[in-house]
Number of protein chains: 2
Amino acid sequence: MQPVDALIAHCRAHGMRMTVQRRAIFQYLWGNTKHPTAEEVFQAVQERYPGVSLATVYNTLETLTQMGEIQRLDLGGAAERFDPDVRVHHHFTCSGCGQVLDYFAVLPEDVFAGPPGARVDRVQLHAVGLCADCRKLPLPGGSAKSANPNLSS
Amino acid sequence: MQPVDALIAHCRAHGMRMTVQRRAIFQYLWGNTKHPTAEEVFQAVQERYPGVSLATVYNTLETLTQMGEIQRLDLGGAAERFDPDVRVHHHFTCSGCGQVLDYFAVLPEDVFAGPPGARVDRVQLHAVGLCADCRKLPLPGGSAKSANPNLSS
DNA sequence: GTACCTGCAAAGCGTTTGCTAATTC
DNA sequence: GAATTAGCAAACGCTTTGCAGGTAC
């Protein structure tokens, strides 16, 4: 996502109207590395503009996604998350604290080949585990082998 | 997922009751490579057992997931999908026809390292594009450069 | 002034849950 | 016979939509 001022200019140039709500959403997202959900964006913006509605947040996030300024992440869990970093990178969800971290790794060619005969347009890699902080804590799972506590056998 | 008979024996050995509904769900899932949603499982089972309820399907799928017999896939889109193949493999969603295909590729070590200091338990790789069949069709997107129409400028 | 946008509320969808009755062991 | 499980229906969370009024240009 480009800096707020540049983004505003870009929006205007494309005929979009710049409302205070949109400006606030842009400012919240700019440089944000927390991969917020729509709900989190809503709450943050609401602190400054109590009148803002969730529908407006969704509308703006959708518009930004279509403009290619942010990307939508489907990392499991109920809600979608939004990332102002549109570079190709991967995501890690900590099963302890729930935070989502970025990370970078180069994928081999055959990943981009996909199934025989197919054409791959987009690849999303999602890892789940425990972040550095949560590993230090003596919490359940902190030293367990796996984050999947569900194996009954 | 193990063969139906073995799975039934395994369930019984763990004190689970084998109802006709569960048996039908097991049979539908065994060898199924279509990555069905809960709704699709429900409809398939309903053809033979009209009395079955969606809640039962969800319950059984949840139980199988906890047993490690199937895996839950979150591939975007509204509904979760379920895969009786629990080996580590990747998934490809065709943006033309919507089908989900399996594919295999070896990932480099650093993918499993995750962010600095973290411990990775699970990695899911999801590709989106056009499958071999859809590439042959003269449909919109069939010859386009990318399925990501979101880059405006 | 005009068209787009906001805010509100309700509907939509997939999923989960609570309770009673049926079924498995 | 005892206890788990199915069925039904309603509730839930996230997202989308319809409409009337407001606001940027």
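Chain identifiers are assigned alphabetically (A, B, ...) following the order of the sequence lines, protein sequences preceding nucleic acid strands; residue numbering begins at 1 within each chain. Excluded from the calculations below are hydrogen atoms, water molecules and symmetry mates; all remaining heavy atoms, backbone and side chain alike, are included.
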Reading DNA chain C 5' to 3', which nucleotide is the first, and which the last, to come under 4.0 Å of any heavy atom in chain B?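 For DNA chain C, the relevant span reads C/dG14 to C/dC25.
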
To the nearest 0.5 Å, tell me how far [X] [atom1] sits from [Y] [atom2].
| X | Y | atom1 | atom2 | value |
| --- | --- | --- | --- | --- |
| B/Q2 | B/M67 | CD | CE | 7.0 Å |
| A/L101 | A/H35 | CG | NE2 | 7.5 Å |
| B/R12 | B/M18 | CZ | CE | 6.5 Å |

Quick test: give all pairs of protein nitrogen or oxygen and nucleotides 9-13 of chain D nitrogen or oxygen below 3.5 Å, distance rounded to 0.1 Å.
none

Atom-pair distance ([atom1] on [X]; [atom2] on [N]), nearest Å:
| X | N | atom1 | atom2 | value |
| --- | --- | --- | --- | --- |
| A/Y58 | D/dT15 | OH | P | 3 Å |
| A/E62 | D/dC14 | CD | P | 18 Å |
| A/F82 | D/dC14 | CZ | P | 13 Å |
| A/L61 | D/dT16 | CG | P | 10 Å |
| A/Y49 | D/dT23 | OH | C1' | 14 Å |
| B/Q21 | D/dG7 | CD | C1' | 9 Å |

B/R12 or A/P50: which one's nearest nucleotide on DNA chain C is closer to the 5' end?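 Taking each residue's closest nucleotide, the earlier one in sequence belongs to A/P50.
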
On DNA chain C, nearest-nucleotide positions of A/G51 versus B/R81: which is more 5'?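 Whichever sits nearer the 5' end wins; that is A/G51.
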
Side-chain H-bond candidate by donor/acceptor type, [X] with [Y], under 3.5 Å:
| X | Y | result |
| --- | --- | --- |
| A/D83 | A/H89 | yes |
| A/Q66 | A/E62 | yes |
| B/R48 | B/Q27 | yes |

How would you list all residue pairs meeting salt bridge (Lys or Arg N to Asp or Glu O under 4.0 Å) that involve residues 15-40 of chain A, not counting sequence neighbours?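 Listed by first then second residue: nothing to list.
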
Taking ring pair (Phe, Tyr, Trp, His ring centres under 6.0 Å) as the definition, give me every residue that meets it alongside A/Y103, ordered by chain and number, with sequence neighbours left out.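 Per chain and number, A/Y103 pairs via ring pair (Phe, Tyr, Trp, His ring centres under 6.0 Å) with A/H90.
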
In degrees, rounded to 10°, what is the bend between the two ends of the helix from C/dG1-D/dC25 to C/dC25-D/dG1, using five pairs at each?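 One end axis against the other gives 30°.
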
Would A/D121 and A/R119 count as a salt bridge (charged side-chain N to carboxylate O under 4.0 Å, His left out) here? Give the steps. CA-CA 6 Å; A/D121 295 322; A/R119 185 195 74 203; 3.1 Å; yes

Side chain of A/A38: nearest nucleotide among D/dT15, D/dT5, D/dT17?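 Nearest to the side chain of A/A38 among the choices is D/dT15.
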
Using a cut-off of 4.0 Å on non-hydrogen atoms, how would the nucleic acid contact of B/E39 be classed: base, sugar-phosphate, or nothing?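 Nothing, no heavy atom under 4.0 Å.
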
Residues that, via side-chain heavy atoms closer than 4.5 angstrom, fall in one hydrophobic cluster with B/V86: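 The other cluster members (ILVMFWY side chains, heavy atoms under 4.5 Å, direct or chained): none.
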
Got a donor-acceptor pair under 3.5 Å from the side chain of B/R17 to the base of D/dT4?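 A donor-acceptor contact between them is present.
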
Donor-acceptor pair, side chain of B/Q71 and main chain of B/D85, under 3.5 angstrom: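 Pair found, side chain donor or acceptor close to backbone of B/D85.
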
